[in-house]
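What follows is a short report on a single structure.
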Amino acid sequence: MSHNEATISEQASGLPAIQVYNTLSRDKESLVTVKPGEVGMYLCGPTVYKPSHIGHMVGPVIFDTVKRHLAYSGWKVTWVVNITDVDDKLIAESSRRGMTMAALAEEMTADYLENLAALGVTSIDEMPKATDHIGTIITFIEGLIAKDRAYASDGDVYFDVQKDPDYGKLTNRSVDAMQGEGGSTADRKRSAADFALWKKAKDGEPAWESPWGPGRPGWHIECSAMSEAILGDHFDIHGGGLDLVFPHHENEIAQSESLHDCPMATYWMHNGLMQASGASGKVGGRPRGEAGEAESIEAQTAAKISKSTGAEPFKTLLARHEPEAIRMLLLSTHYRSPIHFGEEPLAESARALEAFRRLFARNERVCGTSFYALPSRTRQLGDVAVAAAGEEVTALRSKFLTAMDDDFNTAIAIATLFDYVRVVNKYIDQHQLEANKPEAELATLAAMMDTLRELTGVLGLFVAPPKASGGADEALVGQLMELVIEIRANARKSKDFATADLVRDRLGAMKIVLEDRADGTGWSRKS
RNA sequence: GGCUCCGUAGCCAAGUGGCUAAGGCAGCGGAUUGCAAAUCCGCCAUCGUCGGUUCGACUCCGACCGGAGCCUCCA
C-alpha cells in the first residue's frame with residue numbers, strides 16, 4: 001500500500017515499473033527505492049578458501065543481469081559483492097596448506113575474479129574484504145552491546161536472540177525451535193540460537209585486537225558492517241543463494257535492524273541453487289529419517305552442488321565449455337528455480353548460442369558490420385530507435401522488456417530473442433538481401449541488429465566475440481580452407497559432384513561444416 | 001519432526017481463473033539445394049493423482065504420491 005505513492009514518484013522520474021520478488025513477503029512487489037532513481041544492491045560473495053565452483057557463479061551472473069537491466073532502464077546502481085577472507089574454513093585450509101590465511105585468501109580471490117571476468121560479470125562496483133573492515137565490524141558490535149542486543153562472554157561476543165522480538169521473520173522460524181550450534185560454545189551462550197559476532201582467537205590463529213581481547217569476526221557480521229559502510233543503514237536489494245536465507249540472512253537482519261531500527265534491505269532476492277543432474281544418490285544435508293532404500297538406477301536424482309559434493313573447480317569446467325554457454329544456461333531458467341547442471345545441458349546451451357552467431361555472421365556478410373562492434377543503448381534511446389526496425393521487432397522488444405520488468409524473467413526474455421532471430425532471418429530471406437543489397441532494406445536490417453544488440457546487452461550475452469578456438473595456425477587453416485573450397489567449387493562447376501561430396505564428407509569427419517550458399521561457400525567448425 | 005519450494009510434450013523450460021498453454025533441443029512433413037548444410041513454413045502437451053470451490057481450473061483450496069532446499073559457517 002505505502003508503496004503506491006512512491007511508485008508514482010518513481011514513475012514520475014521517467015523510470016519503468018519493475019516488479020521484484022521479495023523473500024520477506026513471499027510475493028512480488030513494485031520496486032521503490034530508498035533514494036529515487038538510485039539502487040543500492042548487495043550480494044553475499046564467497047568465503048575464499050577454495051577455488052570457486054559453478055555454484056559460486058550463479059548469484060554473480062544473475063545479479064549482474066539484474067544490475068544491467070536496472071542500469072539500462074535508467075537507475076544509478078551501486079552493486080557491492082563482499083569477499084569473506086577471515087573464517088574458520090580459511091584458518092583450517094591455510095594451515096593444511098602451510099600458508100598464511102591472507103595468502104590463501106589472495107590466491108582464491110584472484111581465482112574468483114578471473115572466473116567472474118570469464119562469464120562477463122563486469123558490473124560489480126565494490127568488493128570489500130572483511131579484513132579491511134575489522135574496525136567497522138568492531139564498532140558495529142560495540143553498538144549492539146550498547147543497545148543490550150549482544151553480550152560478551154569469555155572473549156566471544158554473541159547476539160542475544162531473545163532480545164530481538166522479530167527474529168526469524170525472514171524464514172518464519174521461532175526462536176524456541178532453534179537448535180543452534182552445539183559443542184563447546186554452547187555453555188558460553190545464553191540461548192542456543194545466539195550466534196557469534198566475535199570469536200576469541202585460539203593460540204596461533206589470526207587475530208585482531210578488540211575490546212574483548214584478540215579475536216576475529218563471526219560469520220554474519222561482516223555483511224552487516226560492510227553493507228552499512230558502503231550502502232547505508234537501509235539499502236534496496238540484498239541478494240544471495242537460497243541456502244543463505246537461513247541462518248546467514250536471518251542473522252544479518254537481526255544484527256542490522258537491531259542496531260539501526262530500520263529495515264536493512266527493502267527487497268531480499270534469492271537465487272535457486274545449482275543441481276548436478278544425474279548425480280547418484282543424495283549427497284550432503286541431514287539424512288532423512290529412515291534408512292534409504294536402494295536407489296533405482298534409472299532414477300535421475302539431482303543434488304545440490306556444494307562443497308560436500310566436491311563440485312569441480314570452475315577453472316577446469318571452463319577448459320571444456322565456453323563461458324558464454326554457461327551464462328546462457330544460467331539465464332535460461334528463472335533465477336528462483338533450481339538449475340539442472342551438467343555436460344548435456346551445457347552442450348544444449350552451446351547449440352543455442354550457434355543460432356545467434358550464425359545470424360551475426362550472416363548479417364556481417366550482408367552489411368559488413370560486426371555485431372560485436374554495435375554500440376549499446378539505453379532503454380530510452382531504444383524506445384525511439386526501435387521504430388526503424390519494424391512492427392514485429394517493436395513487439396518483441398516490448399515483450400522482452402515486459403518479461404525483464406517482471407522480476408527479471410530471463411527465460412522469457414531469451415525465448416523472445418529466439419523469435420527475434422527468426423524474424424530477422426525471414427527478413428533477409430524475403431528480401432534476398434544476400435543476393436541484392438537494396439539500401440532501404442539494408443537500413444532496416446541494421447536497425448534490427450541494433451535493437452538486438454540493445455537487448456542481448458541487457459542479458460550480458462554476446463557483448464564480445466567468442467575466443468578463437470584454434471591455436472596459432474588459425475590463419476594458415478583459413479588459407480587452406482579457402483584453397484580447398486576453391487578446388488571444390490571448380491569440381492562442382494564441372495558437375496563432378498563425387499569429388500565435391502568427398503571433400504565435404506571428409507571435412508565433416510574433421511568437424512568442419514561446409515555451407516554452399518547463393519553467395520558462395522562458407523565453412524565453420526562444429527562443436 | 002518444523003519451515004520453504006517444485007511436479008507442464010521424448011528431454012530442458014516459461015506461463016495463465018475462461019481466448020491458439022512461450023521458447024529451446026530432439027523428431028516428422030514441406031519450401032530451398034546437384035545432394036547436403038544453413039534458413040523459412042507446418043506438425044508434435046489438456047499441465048503428478050484424487051477430491052473440493054467456481055458458470056468455468058492447468059491456474060485457487062485440501063488430501064495423497066513423487067522430488068528439491070533449509071533447520072549443521074554450503075553461493
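What's counted below: heavy atoms across the whole structure, side chains too, no hydrogens, waters or symmetry copies.
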Can you tell me how far [atom2] of [N] sits from [atom1] of [X], to the nearest Å?
X: A/Met57; N: B/rC74; atom1: CE; atom2: P; result: 17 Å
X: A/Met274; N: B/rA68; atom1: CE; atom2: P; result: 18 Å
X: A/Arg336; N: B/rA68; atom1: CZ; atom2: C1'; result: 16 Å
X: A/Leu170; N: B/rC70; atom1: CG; atom2: P; result: 15 Å
X: A/Asn271; N: B/rC74; atom1: CG; atom2: P; result: 16 Å

Hey, does [X] reach any base, or is it just sugar-phosphate, or nothing, if we go heavy atoms under 4.0 Å?
X: A/Gly59; value: nothing
X: A/Leu244; value: sugar-phosphate
X: A/Asn172; value: sugar-phosphate
X: A/Ser337; value: sugar-phosphate
X: A/Arg26; value: sugar-phosphate
X: A/Arg488; value: base
X: A/His220; value: nothing

Check the interface with nucleotides 37-44 of chain B: list each N/O to N/O pair with the protein under 3.5 Å, or write none.
residue: B/rA38; atom: O3'; partner: A/Arg358; partner atom: NE; Å: 2.9
residue: B/rU39; atom: OP1; partner: A/Arg358; partner atom: NE; Å: 3.3
residue: B/rU39; atom: OP1; partner: A/Arg358; partner atom: NH2; Å: 3.1
residue: B/rU39; atom: O3'; partner: A/Asn425; partner atom: ND2; Å: 3.4
residue: B/rU39; atom: O2'; partner: A/Asp429; partner atom: OD1; Å: 3.4
residue: B/rU39; atom: O2'; partner: A/Asp429; partner atom: OD2; Å: 2.4
residue: B/rC40; atom: O4'; partner: A/Asp429; partner atom: OD2; Å: 3.2
residue: B/rC41; atom: OP1; partner: A/Lys426; partner atom: NZ; Å: 3.0

Looking only at atom [atom1], what distance separates [N] and [M], rounded to whole Å?
N: B/rA21; M: B/rA37; atom1: P; answer: 32 Å
N: B/rG24; M: B/rC61; atom1: C1'; answer: 34 Å
N: B/rU59; M: B/rU46; atom1: C1'; answer: 13 Å
N: B/rG23; M: B/rG30; atom1: P; answer: 23 Å
N: B/rA38; M: B/rU4; atom1: C1'; answer: 47 Å
N: B/rC47; M: B/rC41; atom1: P; answer: 29 Å
N: B/rG67; M: B/rU8; atom1: P; answer: 14 Å
N: B/rG66; M: B/rU49; atom1: C1'; answer: 10 Å

First of A/Asp243 and A/Ala415 reached from the 5' end of RNA chain B, by closest nucleotide:
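This one resolves to A/Ala415.
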Upstream residue (5' side of RNA chain B) when A/Ile414 and A/Arg504 are each assigned their closest nucleotide:
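Closest to the 5' end, via its nearest nucleotide, is A/Ile414.
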A/His431: what forms a ring-ring contact (aromatic ring centres under 6.0 Å, His included) with it, not counting sequence neighbours?
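A/His431 satisfies ring-ring contact (aromatic ring centres under 6.0 Å, His included) with A/Tyr427 only.
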So what's [N] paired with, Watson-Crick or G-U wobble, going by both distances under 3.5 Å?
N: B/rU54; result: none
N: B/rC3; result: B/rG69
N: B/rU49; result: B/rA63
N: B/rA22; result: none
N: B/rA9; result: none
N: B/rC35; result: none
N: B/rC43; result: B/rG27

Compute whether any side-chain donor of one residue and acceptor of the other, for A/Thr402 and A/Asp405, lie under 3.5 angstrom apart.
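No - no donor-acceptor pair under 3.5 Å links their side chains.
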Between [X] and [Y], does at least one N-O distance fall below 4.0 Å, as a salt bridge requires?
X: A/Glu250; Y: A/Arg173; answer: no
X: A/Arg96; Y: A/Glu93; answer: yes
X: A/Asp64; Y: A/Lys67; answer: no
X: A/Glu392; Y: A/Lys399; answer: no
X: A/Asp429; Y: A/Lys426; answer: no
X: A/Lys50; Y: A/Asp111; answer: no
X: A/Asp164; Y: A/Lys169; answer: no
X: A/Arg357; Y: A/Glu322; answer: yes

Under-4.0 Å side-chain N/O to phosphate OP1/OP2 contact, [X] with [N]:
X: A/Lys493; N: B/rG34; value: no
X: A/His340; N: B/rA13; value: yes
X: A/Ser332; N: B/rA14; value: no

A/His249 and A/Gly240: which non-hydrogen atoms are nearest, and at how many Å?
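Result for this residue pair: CE1-CA, 3.9 Å.
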If we require ring centres under 5.5 Å and near-parallel planes under 30°, does A/Phe418 stack on B/rG24?
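No.
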Please state whether the base of B/rG24 and the side chain of A/Arg351 form at least one donor-acceptor pair under 3.5 Å?
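A donor-acceptor contact between them is absent.
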Measure from the side chain of [X], starting at C-beta and using heavy atoms only, and say which of [options] lies closest.
X: A/Thr333; options: B/rU4, B/rC35, B/rA13; result: B/rA13
X: A/Ala352; options: B/rG69, B/rG24, B/rG34; result: B/rG24
X: A/Val58; options: B/rC70, B/rA75, B/rG15; result: B/rA75

Where along residues 399-411 of chain A does a heavy atom fall under 4.0 Å from RNA chain B?
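Going residue by residue through residues 399-411 of chain A, the ones with a heavy atom under 4.0 Å of RNA chain B turn out to be A/Lys399, A/Asn409, A/Ala411.
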Counting the benzene-type ring for Trp, do A/Tyr267 and A/Tyr21 have ring centres under 6.0 Å apart?
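That pair fails the under 6.0 Å test.
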Once the angle between the rings of A/His220 and A/His248 is folded into 0 to 90°, is it parallel (under 30°), tilted (30 to 60°) or perpendicular (over 60°)?
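Rings of A/His220 and A/His248: tilted, as their planes differ by 30° to 60°.
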